[in-house]
Structure formats: C-alpha cells, structure tokens
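Because only heavy atoms are used, hydrogens play no part in the values below, and waters and symmetry mates are left out as well, while side chains stay in.
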Amino acid sequence: MTRKNRIVLFIMFGIGIAIFLFSLREISFRSFVHDVTTLNLWWLGIAFLCMFLSLVFEALVIKILVQRQIKSYPFFDALRAPMLEQLFNGITPFSTGGQPAQLFALMQSGLDAGRATSSTLMKFIVYQAMIVVNFVLCLLIGFNFIQEKIHTLAWLVVFGFIIHLAVIVSLLMVMYWYDFTKKFIKVTLLPIKWIFNDEKYRNWNKIVDEKINNFYEESLKLKSNWKLLLKISAITFVQLAVYYIIPYFILLSLGVTHVNVIMVISMHVLIVMVVSLFPIPGGAGGAEYSFSVIFSSFIGTGSKLVLAMLLWRIVTYYSGMLSGLIAMLIQPKRIVTKK
C-alpha cells in the first residue's frame, strides 16, 4: 500500500468518526448507551457472518474461473482477492481501485497477467449483470415506497439505474455488435482529438481498443460455456443476496422485529445504488444520509437509528477494509504456472 493510500485510509476512518459524532449531536447519550448494552449480539454476529459469506461466495467464483486453467489454485488465495478489493474499493473514488487490486492479488499468487485479467473480466461481466437483475427486482418492489417518502432519493435511484443499465448495454454491444461498437467508440473519442492533439487521441484509442478486444475475447468464452455462466451467475446472485440482507439482521439485533425482510433487502439494494453515485471513497456522507432517511421509516428517529447506521457501516464498509488490511499481511501461496 502506498503512502497516499495509507493517508486516504486514515482520512476515511476520520470522516466516519466525524459523521458518527455529528449524528449524535441531538441524541441522548444515555439512550444511546442503553441501546448499545441491549444489543442482541447473536443477530449482530449473523450480520457479520453474512458479510464474510459474501466474500466467500465471491472467492468461490474466482476459484472456479481460475481453476479452468490451474486445478491446484488454493481457495485462500482466491479469498484474498475480494478482501483486497474491499480495501481498495473503500479508499478510491467510485470504487475504482477494487478491480486492479483483485488483479494484483491474482498475479501475486503466480498467475500471469493474461490469465488474471481473463478471470477478473469474466467475473466483472457476470457481477454487473446480477447487480442489474437484483436492482430491477427491488425497483419493482420498493420504488413506490421511496418515491412516497423521499422524492430526491427516488431520482438518484433512477439515475443510478440508468448508469448501471448503460454499463450492461455497453457490454452487450461489445458481445453482439463488436465491429459497430469499435466504430462507435472511435467516433465518441473524436473530441479528445479536437480538444488535445492527435497523439493523445491515438493513445486513448489504443487503450480503449485493447480493452474492447480483451472483453470481446472473454465474452466469447462465456457464450461458449453456458453451464459455467449459469453456475457463476447463481453464485454471484447468492453473494449479493447475503450482502443485501445484512441490514435486516442489524434491525433484529436492535429489537426491531416488525419489518418485512423483502422490503428491507429492497431498500438496501436501492441504497447501495445511490451510494455508488457519490465520488467520495466509500460514499462517505451519502451512505449515512441515505440509510438514515430510508430506514427511519422502519426504526424512527433517535439513538436506535444512529446505532443502526453505525453498525451497518461497520459491517459493510469498515470490516471489509479491515479484512483487506489483514489480507495484505498474509503472503499467498505462490503457484507455478505453465506458459
């Protein structure tokens, strides 16, 4: 981890503490302490377990993809990849550092760059598709609820959906209209030529061209192996499901039992979609605001809502970054691959 990354990490923890203290400004400290001491640790433990299981299922997808070429790939090495992804997602804007971190983790294990890139690309395709599937289902269930409660968040949800849908449409265009997509991209990059210079345009065109080619090659592999595609899609769906159900167990740990689990999951999916729009690492500020506004309908305002927000961030954000720090301290078992 670079010095810059360490600084950002400390800043993010600092921002988290500041947001928490700000949220407590109008809350009775005695009431907050009472809510903490009466927590049901069993349900809170289940919430942490769900977070861990989401990493395990993601690691299983990586192991399945890598094992097509390397049968002896250790599961723990596969688990290091999503753990590191959590850390670098949490300290980079729009979670842009996660995929490079996964690629780095796979290459640390001894995979060559080509195989590592192949596995991460295939995983990315399926992951994006499952996010959109989950989102569409939850949008049908919970959008009216959000629209009635908070109109501003409703529009953010729609905007988030449009962005993720655009990603999927772009991936499908590369998969099924390869030549057209390459020509289309060349046209969209023309403003770079006008604003900067020919060299900058050629460099960008070369980079994008290479990424399109790599993605197209991986999409052909996926289309030719539909059994593998269905298998990793099902595992990814379960991975997202155990992650999205975390707030439900946090509510149960606070003694809030009068909630519909499907509605809670739907609300969490929509919150995650909104958080992805905030450029600050981890969606700091936007995540806490979205959770507080939406889940106040289940808990009401007061110390329980603040505690629920804090526990949610600890389980879904800070514990993930902590797992990444642990993964960095442990060296993977380096495998020898035949070129």
Side chain to side chain contact (heavy atoms under 4.5 Å, CB included) partner of His268, the single match among Tyr248, Trp312, Phe291: Trp312
Any side-chain heavy atom of [X] sitting closer than 4.5 Å to one from [Y]?
X      : Y      : value
Val256 : His258 : yes
Phe135 : Leu270 : yes
Tyr244 : Asn134 : yes
Met122 : Leu228 : yes
Val269 : Ile131 : no
Phe295 : Val264 : yes
Met83  : Leu55  : yes

Any sub-3.5 Å donor-acceptor pair from [X]'s side-chain atoms to [Y]'s backbone N or O?
X      : Y      : answer
Thr96  : Thr92  : no
Ser31  : Ile27  : no
Tyr317 : Gly90  : yes
Arg80  : Ile330 : yes

Ser253 and Asn40: side chain donor to acceptor below 3.5 Å: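 No, no side-chain donor-acceptor pair sits under 3.5 Å.
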Distance-only donor-acceptor check, side chains Gln86 and Glu58, under 3.5 Å: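 Short answer, no.
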Whether over 12 other heavy atoms sit under 6.0 Å from Phe184 CZ: no
Aromatic Phe180 / basic Lys183 pairing, under 6.0 angstrom, 45° off normal: no
